[in-house]
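Worksheet: one structure, shown below.
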Amino acid sequence: MTFRTTSASADYVEDVSPGSGALPPRAWYASSDARSLSLNGSWRFRLSAAADAEDDSFAAEGYDAGDWAEVTVPGHWVLQGHGFPVYTNHLYPFPVDPPRVPTENPTGDHLRVFDLPEDWPDLAEGGALLRFDGVESCARVWLNGTEIGEFKGSRLPHEFAVGGLLKTVGNILAVRVHQWSAGSYLEDQDQWWLPGIFRDVTLLHRPAGSALDFFVHASYDHVTGEGTLRVDSDVDGRVTVPALDIDVATGEPVTVPVEPWSAETPRLYDGELVTPGERVPLRIGFRTVALEDGLIKVNGRAVLFKGVNRHEWHPERGRALDLETMREDVLLMKRHNVNAVRTSHYPPHPAFLELCDEYGLWVIDECDLETHGFVEQDWRDNPVDDDRWTPALLDRAARMVERDKNHPSVVIWSLGNEAGTGRGLTAMAEWIRGRDASRLVHYEGDVDCRDTDVYSRMYAFHEEVERIGRGLDGGTLKRRRLPLILCEYGHAMGNGPGGIADYQRLFEAHERLQGGFIWEWIDHGIKDDRYGYAYGGDFGEELHDGNFVCDGLLFPDRTPSPGLVEFKKVIEPVAISGDGADGTVRIANKQDFADLSALAFTWAFQVDGETIESGSLPVPALAAGESAEVKLPAPPEGVPGGAETQWTVRAVLAEDTAWAPQGHVVAWGRLPVAARALPSVAATEGPVPDGALITLGPASFDARTGALRTIGSVEVTGLRLDVWRAPTDNDEGAPWQSDVRHGELWRKLGLHRMRHRLDAVESGGDALTVRTRVAPAGWEVGLSTVYRWTSDGNRLRLTVSVTPEGDWTVPLPRLGVRFGLSGADAVTWFGGGPGEAYPDTRAASQVGRWRSTVDGMQTPYVRPQENGARADVRWAELGGLRIEGDPEFWFSARRWTNEQLDAARHRTDLVPGGTVWVNLDHGQHGIGSQSCGPGPLPRYYLNAAPAEFSFVFSEVR
Ligand code: GAL
């Protein structure tokens with residue numbers, strides 16, 4: 001005899017169907033005149049440990065929830081003190097046995113009592129809908145004691161007809177939310193698992209004759225310059241667009257001259273759909289998306305995506321975003337020259353798409369679908385290839401397309417992410433094409449492009465991208481005729497991504513390459529008193545993927561990371577280049593649509609990094625794709641000999657725009673004129689023994705070890721060769737990367753524990769020479785290192801000569817000297833800035849005169865790692881010392897050692913000591929993107945090779 005003990009009342013949780021009771025999906029809009037009532041706010045809340053631990057009596061009228069906790073809706077209960085968030089990348093955090101889920105299934109009962117506003121229309125007039133914009137992962141809903149349905153599809157809207165159930169006062173809305181459900185198998189995106197009612201809950205009045213669903217078709221004919229508008233509506237009515245003199249019936253096409261919509265010129269026309277019972281505002285953008293000549297074209301022109309992947313994230317509220325946060329994302333994107341966004345990996349809050357329409361961003365709208373965990377069983381039993389799940393997939397596709405179809409910004413539908421391949425995906429693609437032929441279909445997992453209109457890849461190495469650009473990659477006939485986009489590249493985890501300028505060069509060189517989307521927009525760090533920001537594992541998860549969830553161009557608080565500053569420069573819409581000595585600058589408009597009339601140009605002439613004269617530069621309003629040589633003014637006179645001079649030409653906004661003020665810098669270029677004179681120190685002094693010390697010019701040294709002690713009154717400790725850097729996430733590489741991972745090799749070789757053997761201190765003639773051998777225990781490789789000190793009485797010159805010994809098969813992390821200063825705060829330098837740079841992340845580094853502080857020079861990566869180096873530094877001043885480089889050097893300073901930085905797991909582990917540690921590097925190894933993607937290109941390797949470099953020290957008084 002067998003017993004089935006599962007309560008039948010919770011069976012829906014493990015049912016593969018999308019649910020029951022919800023209305024068919026339709027366009028999402030805010031009515032002009034129909035009433036609505038937000039049910040956001042404080043709700044009563046009770047957490048239980050299993051789907052059926054509590055009965056449903058809480059939904060009944062008269063239930064007393066007075067002793068329940070409260071949570072804020074929209075929100076996730078795990079971020080409001082009930083349970084904990086869980087982070088996994090692709091592994092399901094529960095046993096894989098679809099559609100079954102664990103018995104331990106955190107279940108949140110939510111209760112909200114509400115009255116209708118006094119001016120709410122008579123309940124007999126029209127109906128009412130209850131709309132949930134997003135609930136993770138499965139919800140069952142009751143209104144006034146009557147069950148109205150249950151649903152899955154976390155980031156998709158669900159509406160229920162509730163008119164007949166409403167009362168004027170004392171309505172009781174009860175929602176039971178289960179963290180795990182059959183739907184969880186379709187939502188295995190790389191992010192925190194965050195249950196809850198995390199988007200708005202709204203009651204919508206539906207007057208008789210109100211609009212139900214409508215589809216705005218607004219195309220643009222780039223040959224005639226005309227747009228054609230047709231609004232299909234379930235309820236007949238009229239469509240007006242005053243600026244275009246349009247007043248037509250629904251379903252009737254009208255063609256008029258228009259200004260087209262593009263991400264660069266987001267021209268929207270305000271219109272209205274008027275049905276017998278409702279007025280609906282329309283924001284219409286005319287544009288035509290087509291696959292033509294093997295290219296994605298909008299309004300007849302191929303577009304280049306300079307995109308980012310955006311998850312919804314807020315460090316305190318998770319995926320419950322308010323409008324201001326969404327707007328901040330859009331403004332930050334626009335201000336950093338981003339022109340496209342893939343809504344990885346689910347449709348965003350609908351208000352985000354309204355912002356994309358308004359400010360101008362191309363959108364790949366992605367369905368809420370990922371089954372990545374099945375890769376571990378070679379995709380066996382993958383729901384997307386199992387007909388039983390197809391209704392759920394089609395439901396998800398329809399909920400996305402119907403909700404978002406009226407947004408001009410959405411140019412491509414994406415079936416989902418990392419879900420293998422299968423019949424379910426094909427069914428989704430077919431349904432989407434049947435419903436909306438005006439956009440293209442994307443899915444990265446479809447390498448043969450059976451179901452897609454674009455060949456999409458993630459993290460392809462530069463070499464392969466180039467082969468694809470040249471059409472040498474083979475593949476199916478269909479694929480060979482399609483353009484490539486990198487739906488993910490440039491993995492922005494920790495310090496990096498490196499090599500994005502090299503990708504951009506490829507995109508711009510081969511028309512088949514239509515750009516890409518950086519992974520990803522923002523770090524998903526959770527604000528946490530213990531750690532600053534928490535990542536995977538910080539909540540005791542039994543399975544987790546650590547800080548792989550912090551891989552964005554923004555820090556969790558939305559401060560741009562150096563990666564975003566670099567990206568902004570790499571994708572700038574205007575190229576400014578030239579040789580400053582010949583007095584002309586080349587300006588190229590790299591946009592796809594807009595001319596340069598929105599921009600003004602300025603020039604500045606700089607001497608040793610300081611601007612001495614500046615002015616405006618007249619530049620013609622070049623059309624998209626055009627370029628011109630523009631004459632610079634005559635350089636200022638009286639520049640002292642030996643000074644370094646350069647022009648900096650900037651393209652700035654000519655007027656205030658919706659996204660940035662007048663003067664905002666969009667693009668810039670540096671045109672060098674004269675190089676600086678390298679520092680020279682005549683070796684006029686010699687070393688002088690002085691008891692336990694040796695003095696040389698302004699400096700003193702330990703007579704036995706040759707160690708530098710003081711320069712003038714400045715104490716210096718521990719100056720010696722340094723090759724170690726706290727490995728970056730990209731140095732460490734992802735465990736699944738098959739190619740070399742340098743972080744691991746460096747540790748294996750012991751580069752973090754180099755020993756310094758003293759071979760000789762030679763004090764003779766005009767120099768103090770210290771000979772050493774720097775090498776790790778256990779290996780025969782080493783670096784023969786000679787420090788040669790000379791002085792002219794005031795200044796002290798150090799020349800370091802390094803000769804590798806043995807068979808060095810790995811590059812060095814860094815090569816330079818480091819030393820400690822007993823105090824330093826303010827820092828000034830002439831060189832690259834204002835932010836950090838590394839060999840393959842240096843496009844945004846501007847040569848100039850910069851000021852900061854030791855603390856200000858740190859980049860606060862959520863997991864501490866090498867950071868903060870300034871490139872091309874000619875000289876720097878800190879802690880009473882001036883340091884000049886021959887040649888230029890990489891400069892960093894911090895209140896902890898590289899070893900302490902390496903040991904830290906969170907920012908809070910970094911405790912400032914009394915010493916400021918300064919690194920002056922002759923070389924740094926490239927950064928690459930190997931936390932998910934290629935390592936540094938070989939040209940950015942810091943190979944162990946003979947090297948000689950010098951610094952000149954003097955005391956600044
Ligand atoms: C991709 C995936 C993303 C994310 C990224 C690595 O494979 O689509 O969701 O996991 O890798 O951060």
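Scope of the values below: all heavy atoms of this structure, side chains included, with no hydrogens, waters or symmetry mates. Each ligand, and each atom within it, is numbered from 1 in the order the structure gives.
- Under a cutoff of 6.0 Å and an axis angle of 45°, R530 and F539 form a cation-pi pair.
- Across D190, N417, D188, heavy-atom proximity to atom 4 (C) of ligand 1 is greatest for D190.
- Here E488 has side-chain heavy atoms under 4.0 Å from ligand 1, and that is the only part of it that gets that close.
- Within the listing of ligand 1, atoms 6 (C), 12 (O) sit less than 4.0 angstrom from a heavy atom of H491.
- A donor-acceptor contact shorter than 3.5 Å is absent between the side chain of E866 and the backbone of R725.
- Atom 7 (O) of ligand 1 has its closest protein heavy atom at E418 OE2, 2.6 Å.
- For ligand 1, the atoms lying closer than 4.0 Å to a non-hydrogen atom of F548 are 6 (C), 12 (O).
- When non-hydrogen atoms are compared, ligand 1 lies under 4.0 Å from neither the backbone nor the side chain of N309.
- At the shortest separation from atom 5 (C) of ligand 1 among protein heavy atoms lies Y459 OH, 3.3 Å.
- Counted by atom type alone, R842 and Q924 present zero donor-acceptor pairs between their side chains at under 3.5 Å.
- Salt-bridge formation is detected for the pair R433/D453: a Lys NZ or Arg NE/NH1/NH2 atom is positioned less than 4.0 Å from an Asp or Glu carboxylate oxygen.
- Counting atoms of ligand 1 from 1 in the listed order, those under 4.0 Å from a heavy atom of N89 are 10 (O).
- Geometrically, R863 does not engage Y533 in a cation-pi contact, judged by NZ or CZ lying under 6.0 Å from the ring centre and within 45° of the ring axis.
- If you look at E520 next to ligand 1, there are no close heavy atoms at all, none under 4.0 Å.
- The number of heavy-atom neighbours closer than 6.0 Å to CD of E744, taken from other residues, nucleotides and ligands shown, is 12 or below.
- Annotation for ligand 1: atoms under 4.0 Å from non-hydrogen atoms of D551 are 12 (O).
- Within the 4.0 Å heavy-atom cutoff, Q189 does not count among the residues contacting ligand 1.
- Residues H311 and W192 place their aromatic rings such that the two centres sit no closer than 6.0 Å.
- Nearest to atom 9 (O) of ligand 1 among the protein's heavy atoms is H345 NE2, 2.6 Å.
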Apply ring-ring contact (aromatic ring centres under 6.0 Å, His included) to F517 and Y489, showing your working.
CA-CA 6 Å; F517 297 76; Y489 80 112; 8.5 Å; no

